[in-house]
Amino acid sequence: MTRSAELFERAQHSIPGGVNSPVRAFKGVGGTPIFIQKAKGAYMYDEDGQRYIDYIGSWGPMITGHADEDILDAVRQRLELGLSYGAPTALETEMAETLCQLVPSMQKVRMVNSGTEATMSAIRLARGYTGRDKILKFEGCYHGHSDSLLVKAGSGALTFGVPTSPGVPADFAQHTLTLPYNDIPALEACFAQVGQEIACIIVEPVAGNMNCIPPQPGYLEALRRVCDQYGTLLIFDEVMTGFRVALGGAQAHYQVTPDLTTLGKIVGGGLPVGAFGGRKEVMDHLSPLGPVYQAGTLSGNPLAMAAGLALLRKIQAPGFHQQLSDYVTRLCAGLEAAAAEAGIPVITQAVGGMFGLFFTDQPSVNNFNAATACDLEAFNRFFHAMLKEGVYLAPSAYEAGFVSSCHGEEELQLTLEAAQKAFATLKKS
Ligand SMILES: Cc1ncc(COP(=O)(O)O)c(C=O)c1O
Ligand SMILES: N[C@H](C=O)CCC(=O)O
């Protein structure tokens with residue numbers, strides 16, 4: 001028995017499923033999760049001393065690699081000044097100013113502790129501001145685990161086959177409308193019917209929780225158009241895409257401006273942080289200025305602000321995002337070539353520093369139905385073959401992959417060699 005297997009066995013006695021977030025359990029791909037002891041740069045090391053090239057990066061935040069010395073230093077410096085005060089700090093204003101500067105559609109920002117809190121609060125604000133109850137989301141998009149949003153959700157909810165969670169009252173879920181992603185006629189038909197009742201559209205501007213699905217040309221623009229027509233707020237959930245697909249997020253990459261934006265992951269530099277912000281006029285409806293209540297004991301935590309600010313400073317270096325994107329382009333081309341050599345139908349899709357690999361003979365995958373029609377079994381076998389070769393991909397066919405600025409030539413070559421071997425094993429079986 002490996003040490004990871006021992007630790008997993010022990011964890012299951014005191015933690016439901018042995019994990020604190022479901023996708024970590026490997027239930028989607030089968031087998032035993034590896035338990036991580038430490039990580040540095042592009043690599044993670046498990047409790048059995050195995051090294052892995054990491055393509056998850058703690059699900060996004062580790063965009064400059066693990067245990068980045070600049071971020072560790074920033075946290076160390078704050079540490080001696082106290083862990084939390086429950087009172088305002090200059091750091092929080094510095095963070096808000098930085099976010100407003102990097103993502104100009106955010107004229108005001110409120111910090112929270114996770115992506116879930118960010119989207120939950122943005123939805124409440126949109127409902128409070130418009131006086132409407134209905135919200136619209138898209139099949140396979142995941143926006144965290146608040147009640148309104150666990151309806152036809154992606155990520156672990158999709159991986160484990162319960163996209164609409166028990167525990168969400170039907171009375172509640174009825175206010176969450178869902179449509180297929182990338183479908184403009186369905187969007188227009190829905191708005192023609194109930195547009196006046198919809199408080200907000202919430203969307204992942206690049207879907208990353210049903211693998212990696214970019215918006216079709218004109219799709220984000222269509223969302224903006226119907227929102228303007230019907231007085232509905234447009235929320236870009238950039239918890240994943242923010243600072244990853246471009247410095248200004250997907251809204252900068254695609255040049256479409258939302259009313260509200262939610263952030264998480266990178267904004268905390270690896271500590272638990274989320275944020276939401278947008279038009280001043282809408283944000284001023286929040287308590288204590290306005291009537292929409294939202295609060296948090298640890299919100300704006302000084303250590304988390306210090307870590308996040310250190311990371312946000314680093315990713316502003318010229319060429320930072322181009323480097324990520326170049327790596328992803330070469331990685332995807334190499335993976336497709338290795339698959340083709342083995343005669344296995346595979347395509348990749350990517351935007352900036354995020355990518356996805358699909359086992360399909362279709363030319364592209366544009367929505368939930370197409371994602372779930374891919375060969376899941378083949379992905380699972382590929383995942384385990386890559387793990388054996390020291391490459392750690394997301395343990396689910398419905399998650400995007402992430403790279404960091406520590407992923408370089410050596411990691412690329414090692415990954416592609418591993419992929420050649422992994423595709424060859426799939427060919428044999
Ligand atoms: C797009 C998106 N929104 C929201 C969330 C929820 O964030 P968190 O897990 O920090 O609550 C996630 C990831 O989990 C996400 O990928
Ligand atoms: N897909 C999720 C976030 O992006 C994965 C993280 C989690 O839920 O544990």
Side-chain angles (χ1 to χ4, degrees), residues 15-29 33 36 54-63 111-123 135 137-160 162-163 165 181 200-215 235-245 249-251 258 260-276 296 298-299 301 304 308 351 353-356 371 392-402:
I15 305 175
V19 290
N20 281 315
S21 196
V23 276
R24 296 179 198 171
F26 275 32
K27 229 175 142 187
V29 289
I36 303 302
D54 179 21
Y55 284 101
I56 305 181
S58 190
W59 301 99
M62 298 302 159
I63 196 164
M111 303 309 297
V112 292
N113 303 292
S114 68
T116 295
E117 272 189 58
T119 56
M120 178 186 75
S121 307
I123 295 282
I135 64 167
K137 75 175 284 290
F138 299 96
E139 288 167 19
C141 283
Y142 176 71
H143 304 287
H145 60 93
S146 69
D147 286 352
S148 290
L149 293 166
L150 268 189
V151 179
K152 294 199 182 166
S155 189
L158 172 57
T159 306
F160 304 143
V162 278
S165 176
Y181 193 73
C200 63
I201 294 179
I202 185 163
V203 65
E204 287 182 71
V206 177
N209 285 288
M210 47 177 163
N211 208 324
C212 179
I213 303 189
I235 305 176
F236 274 6
D237 179 358
E238 298 230 40
V239 166
M240 190 180 276
T241 54
F243 311 111
R244 175 161 287 283
V245 301
Q251 54 197 274
L260 293 175
T261 299
T262 56
L263 298 170
K265 300 187 191 278
I266 290 171
V267 80
L271 292 181
V273 181
F276 67 103
L298 294 174
S299 292
N301 173 268
V351 184
M354 62 192 273
F355 68 96
Y392 190 52
L393 300 171
S396 162
Y398 304 123
E399 300 284 354
F402 304 115

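Start at 1 and go down the list; that is how both ligands and their atoms are numbered. Residue numbers start at 1 and run along the sequence shown. All values below come from the heavy atoms of this structure, side chains included, with hydrogens, waters and symmetry mates left out.
Of the possible polar contacts, none joining the Lys27 side chain to the Pro22 backbone as a donor-acceptor pair under 3.5 Å is found. Within the 3.5 Å criterion, the main-chain N or O of Phe243 finds no donor-acceptor partner in the side chain of Lys265. When atom types are taken as modelled, the side chain of Asn209 and the backbone of Cys141 share no donor-acceptor pair closer than 3.5 angstrom. At distances below 3.5 Å, at least one donor-acceptor pair connects side-chain atoms of Tyr181 with backbone N or O atoms of Glu204. Without hydrogens or angle criteria, Glu238 side chain to Gln251 main chain gives a donor-acceptor distance under 3.5 Å.
The ring-ring contact (aromatic ring centres under 6.0 Å, His included) check on Tyr55 picks up Phe355, His407, with sequence neighbours excluded. Listed by chain and number, the residues in a side chain to side chain donor-acceptor pair (under 3.5 Å) with Thr116 amount to none (sequence neighbours excluded). Legend: residues meeting side chain to side chain donor-acceptor pair (under 3.5 Å) with Asp237, ordered by chain and number and at least two apart, are His143, Thr262.
Near ligand 1, Ser114, Gly115, Thr116, Tyr142, His143, Gly144, Glu204, Asn209, Asp237, Val239, Met240, Lys265 each place a heavy atom less than 4.0 angstrom from the ligand.
Of all atoms in ligand 2, numbered sequentially from 1 with element shown, those under 4.0 Å from a heavy atom of Asn209 are 1 (N), 2 (C), 3 (C), 4 (O). Heavy-atom proximity to Met240, at under 4.0 Å, picks out these atoms of ligand 2: 4 (O).
At a 3.5 angstrom cut-off on N or O pairs, Trp59 does not count as close to ligand 2. Residue-to-ligand polar distances keep Arg24 apart from ligand 2: every N/O pair is separated by 3.5 Å or more. Residue Tyr142 places no N or O, backbone or side chain, under 3.5 Å from any N or O of ligand 2.
Counting protein heavy atoms only, atom 3 (C) of ligand 2 is closest to Lys265 NZ, 3.1 Å. Regarding atom 8 (O) of ligand 2, its nearest protein heavy-atom neighbour is Ser21 OG, 3.4 Å. Nearest to atom 2 (C) of ligand 2 among the protein's heavy atoms is Ser155 OG, 3.3 Å.
Rounding to the nearest 0.5 angstrom, the gap separating the CD1 atom in Ile135 from the OG atom in Ser148 is 4.5 Å.
Taking the side chain as every heavy atom from C-beta outward, Leu271 and Asn301 never approach each other to under 4.5 Å.
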